[in-house]
K.L.:
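This is the structure I have questions about; it appears just below.
Numbering starts at 1 and runs along the sequence shown. Both ligands and their constituent atoms are indexed starting at 1 by order of listing.
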Amino acid sequence: MTLLNDKVAIVTGASSGIGRAAVKVFARQGARLVVTGRRQEALDAVVAEIEADGGQAVAVAGDIRDEALQARLTDTAVSRFGGLDIAFNNAGGLGEMGPVAGLSVEGWRETIETNLTAAFLGAKHQSAAMGKRGGSLIFTSTFVGHTAGMPGMAAYAASKAGLIGFVQVLAAELGRQNIRVNALLPGGTDTPASITNAPDATPDLLAFVEGLHALKRMAQPEEIANAALFLASDLSSFVTGTAMLADGGVSISRT
Ligand SMILES: NC(=O)c1ccc[n+]([C@@H]2O[C@H](COP(=O)([O-])OP(=O)(O)OC[C@H]3O[C@@H](n4cnc5c(N)ncnc54)[C@H](OP(=O)(O)O)[C@@H]3O)[C@@H](O)[C@H]2O)c1
């Protein structure tokens, strides 16, 4: 018996990093998947890997800021797999970085739209598709702006902290329908988006970031995917409205 036997899941940001790891973990646990990101080729590669492993997945490429894409994702879950049980709203990015005095309003808006407004658009369609069937909505937030202020990350922190407020209200709205809603807050994770993988990153920067965590290392994407699996599955059947840290102790570490 697998944890997500016959469940239908949407995963955003499935072309890379945490989302890519999550679709593979979910598929191995029996989920049928609708995967999305902007890069069709990368999505096709993920779908091919899942199918080669005996799983089922369909790719729908697009920009999560587009409501028509969000509607298409839920429509695809319903038409291809008969409904929707889980949505891992994970896509996002750091956006424009730097001191607030130098941030452009365009960069600010783009970050809020990608990390926060897109989550609202997803939830709107996903919760309607789940209806009385129940389900689990998960939103990838971060410890930044929740337990730590990191200079240069104002737009990112505001957008991701906004998600936590959104999750609380949505969880209260949807509880009677047995739809659980949670935010997942990773610590530093070794993905293409990490500042430690930027072209100008140095070994010193990596050592600094690793040292911020109590575990003195960064996460592998699969470790965050496993935390998402907990929130997606019935193992977390009484967990809703939370901001769940999976952060290697970055929030509590002071050395
Ligand atoms: N890595 C970390 O240290 C860390 C820590 C805490 C939280 N997070 C959060 O974890 C989530 C996943 O990040 P990651 O580290 O796995 O980064 P990643 O490897 O760069 O993956 C980001 C994913 O989001 C998708 N995406 C970004 N903007 C999009 C848009 N406008 N429309 C559609 N898809 C979009 C990308 O797909 P395409 O490029 O194909 O569009 C990609 O699949 C993000 O929300 C991030 O903020 C990461």
K.L.:
Considering Lys160, Glu41, Arg38, which one's heavy-atom position lies nearest to atom 41 (O) of ligand 1?
P.N.:
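Checking each option, the heavy atom nearest atom 41 (O) of ligand 1 is found in Arg38.
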K.L.:
Can you report which non-hydrogen protein atom sits closest to atom 14 (P) of ligand 1, along with the distance?
P.N.:
Thr191 OG1, 3.5 Å
K.L.:
Can you sort out which atoms of ligand 1 are near Gly17, meaning under 4.0 Å from one of its heavy atoms?
P.N.:
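That gives atoms 16 (O), 19 (O) of ligand 1.
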K.L.:
Note the single closest protein heavy atom to atom 43 (O) of ligand 1, along with its residue, its atom name and the distance in Å.
P.N.:
Ser15 OG, 2.7 Å
K.L.:
Provide, to 0.1 Å, the distance between atom 20 (O) of ligand 1 and the closest protein heavy atom, together with that atom's residue and name.
P.N.:
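Among all protein heavy atoms, the one nearest atom 20 (O) of ligand 1 is Ala193 CB, 3.3 Å.
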K.L.:
Which protein heavy atom lies closest to atom 46 (C) of ligand 1, and at what distance to 0.1 Å?
P.N.:
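In this structure, atom 46 (C) of ligand 1 has Tyr156 OH, 3.8 Å as its nearest protein heavy atom.
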K.L.:
Specify the protein heavy atom at minimum distance from atom 22 (C) of ligand 1: its residue, its atom name, and the distance to 0.1 Å.
P.N.:
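Of every protein heavy atom, Gly92 O, 3.8 Å lies nearest to atom 22 (C) of ligand 1.
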K.L.:
Counting from 1, what ligand 1 atoms have a heavy atom of Arg39 closer than 4.0 Å?
P.N.:
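Atoms satisfying the 4.0 Å criterion: 38 (P), 39 (O), 40 (O).
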K.L.:
Just jot down the ligand 1 atoms closer than 4.0 angstrom to any heavy atom of Pro186, in number order.
P.N.:
6 (C), 7 (C)
K.L.:
Measure across Thr36 and Leu43 and return the closest heavy-atom pair with its distance rounded to 0.1 Å.
P.N.:
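Smallest heavy-atom distance, with atoms named: C-CD2, 3.7 Å.
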K.L.:
For the residue pair Glu96 / Ser104, report whether a side-chain donor-acceptor contact shorter than 3.5 Å exists.
P.N.:
yes
K.L.:
Would you please test Asp247 and His213 for side-chain contact (heavy atoms from CB on, under 4.5 Å) and show each step?
P.N.:
CA-CA 8 Å; Asp247 74 345; His213 297 74; 5.6 Å; no
K.L.:
Heavy-atom contacts with Gly187 under 4.0 Å: which atoms of ligand 1 show up? List them by number with element.
P.N.:
3 (O), 5 (C)
K.L.:
Quick check: closest heavy atoms across Leu231 and Ser136, and the distance to 0.1 Å?
P.N.:
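Taking every non-hydrogen atom into account, O-OG, 2.8 Å.
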K.L.:
So between Thr142, Thr140, Asn90, Ile18, whose heavy atom ends up nearest atom 44 (C) of ligand 1?
P.N.:
Asn90
K.L.:
With a cut-off of 4.0 Å, which atoms of ligand 1 are near a heavy atom of Gly62?
P.N.:
32 (N), 33 (C)
K.L.:
Salt bridge (charged side-chain N to carboxylate O under 4.0 Å, His left out), that's the test. Do Glu222 and Lys24 meet it? Break it down for me.
P.N.:
CA-CA 9 Å; Glu222 292 71 23; Lys24 294 168 105 181; over 6 Å; no
K.L.:
Looking only at side chains, do Thr189 and Thr191 share a donor and an acceptor under 3.5 Å apart?
P.N.:
no
K.L.:
Counting non-hydrogen protein atoms only, what is the nearest one to atom 3 (O) of ligand 1? Give residue, atom name and distance.
P.N.:
Thr189 N, 2.8 Å
K.L.:
Do Gln126 and Asn89 come within less than 4.5 Å of each other through their side chains, counting heavy atoms only?
P.N.:
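They are in contact (side-chain heavy atoms under 4.5 Å apart), so the answer is yes.
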K.L.:
Which atoms of ligand 1 have any heavy atom of Gly188 under 4.0 Å away?
P.N.:
3 (O)
K.L.:
For atom 19 (O) of ligand 1, what is the nearest protein heavy atom, given as residue, atom name and distance?
P.N.:
Ser16 OG, 2.5 Å
